[in-house]
Amino acid sequence: MLIRRGFKFELKPNGMQIQLMKQFCGCARYVYNRTLSLERSLYKKDNKHSFKYAEAVNRLPEWKKNPFLKECHSQVLQQSLKDLEQAYINFFSEAG
């Protein structure tokens, strides 16, 4: 007999933690949208261009010179690129 248990957790961040969470979300959204815009423009120039996570990650060190992104953890930005990669995979697997 298999017994399954679940746990509920509730975050109760203080003011500083809320501010950091919002900042991280903003940074992730910025990297996602900037990469998407760049990939679209590259695709318009060359229809054979495809999104490559490794190329996108290699752009991050240059972008992190921006003070807004500099304070953000790199894992947050990398995860937004992984999310974009998954969005591309989902889109093209359903379209094809």
Side-chain angles (χ1 to χ4, degrees):
M1 182 160 120
L2 180 64
I3 298 174
R4 296 185 180 192
R5 296 180 186 205
F7 298 96
K8 276 189 169 182
F9 296 96
E10 182 179 350
L11 295 177
K12 294 184 179 183
N14 61 28
M16 179 59 113
Q17 292 168 330
I18 291 171
Q19 180 184 355
L20 283 174
M21 284 186 222
K22 288 180 179 181
Q23 181 182 359
F24 290 168
C25 289
C27 291
R29 185 172 46 248
Y30 174 81
V31 167
Y32 185 98
N33 289 333
R34 185 172 176 182
T35 304
L36 180 60
S37 176
L38 181 63
E39 291 295 324
R40 281 182 173 174
S41 66
L42 291 172
Y43 184 77
K44 283 181 182 178
K45 291 178 186 175
D46 177 18
N47 287 351
K48 296 187 192 248
H49 176 77
S50 63
F51 177 79
K52 293 180 180 67
Y53 173 77
E55 289 177 7
V57 168
N58 288 337
R59 293 184 204 116
L60 286 179
E62 182 65 32
W63 292 358
K64 280 197 63 127
K65 292 179 182 175
N66 180 342
F68 174 68
L69 293 177
K70 193 173 203 169
E71 298 174 11
C72 188
H73 294 290
S74 60
Q75 293 86 355
V76 173
L77 306 179
Q78 290 167 1
Q79 185 61 48
S80 69
L81 294 176
K82 287 179 184 177
D83 293 341
L84 181 60
E85 179 184 38
Q86 189 61 50
Y88 266 92
I89 290 169
N90 293 344
F91 177 78
F92 286 110
S93 67
E94 292 174 8

### Query
Do the side chain of K82 and the main chain of Y53 share a donor and acceptor less than 3.5 angstrom apart?
no
### Task
Please check if the side chain of S37 supplies one atom and the backbone of N33 the other of a donor-acceptor pair under 3.5 Å.
no
From [X] atom [atom1] to [Y] atom [atom2], the distance as rounded to the nearest 0.5 Å:
| X | Y | atom1 | atom2 | result |
| --- | --- | --- | --- | --- |
| K64 | E71 | NZ | CD | 9.5 Å |
| L36 | S80 | CG | OG | 11.5 Å |
| L69 | Q23 | CG | CD | 9.0 Å |
| H49 | S41 | NE2 | OG | 8.0 Å |
| E85 | F51 | CD | CZ | 6.0 Å |

## Note on the structure
Hits for ring-ring contact (aromatic ring centres under 6.0 Å, His included) against Y30, two or more places apart or cross-chain, chain-then-number order -> none
Shared ILVMFWY cluster between [X] and [Y], side chains joined below 4.5 angstrom?
| X | Y | value |
| --- | --- | --- |
| Y88 | F91 | yes |
| W63 | L81 | yes |
| Y32 | F24 | no |

Minimum heavy-atom separation for [X] to [Y], with atom names?
| X | Y | answer |
| --- | --- | --- |
| P13 | M21 | CB-CE, 3.5 Å |
| Y43 | N47 | CE1-O, 3.0 Å |
| T35 | V31 | OG1-O, 2.8 Å |
| L77 | C72 | CD2-SG, 3.9 Å |

### Task
Count the heavy atoms belonging to other residues, nucleotides or ligands that lie under 6.0 Å from NE2 of H73, then report whether that count exceeds 12.
no
### Query
Is atom CZ of R59 surrounded by more than 12 heavy atoms (other residues, nucleotides or ligands) closer than 6.0 Å?
yes
### Query
When you look at Q86 and I89, which way does the side chain to side chain contact (heavy atoms under 4.5 Å, CB included) test go after all the steps?
CA-CA 5 Å; Q86 189 61 50; I89 290 169; 4.0 Å; yes
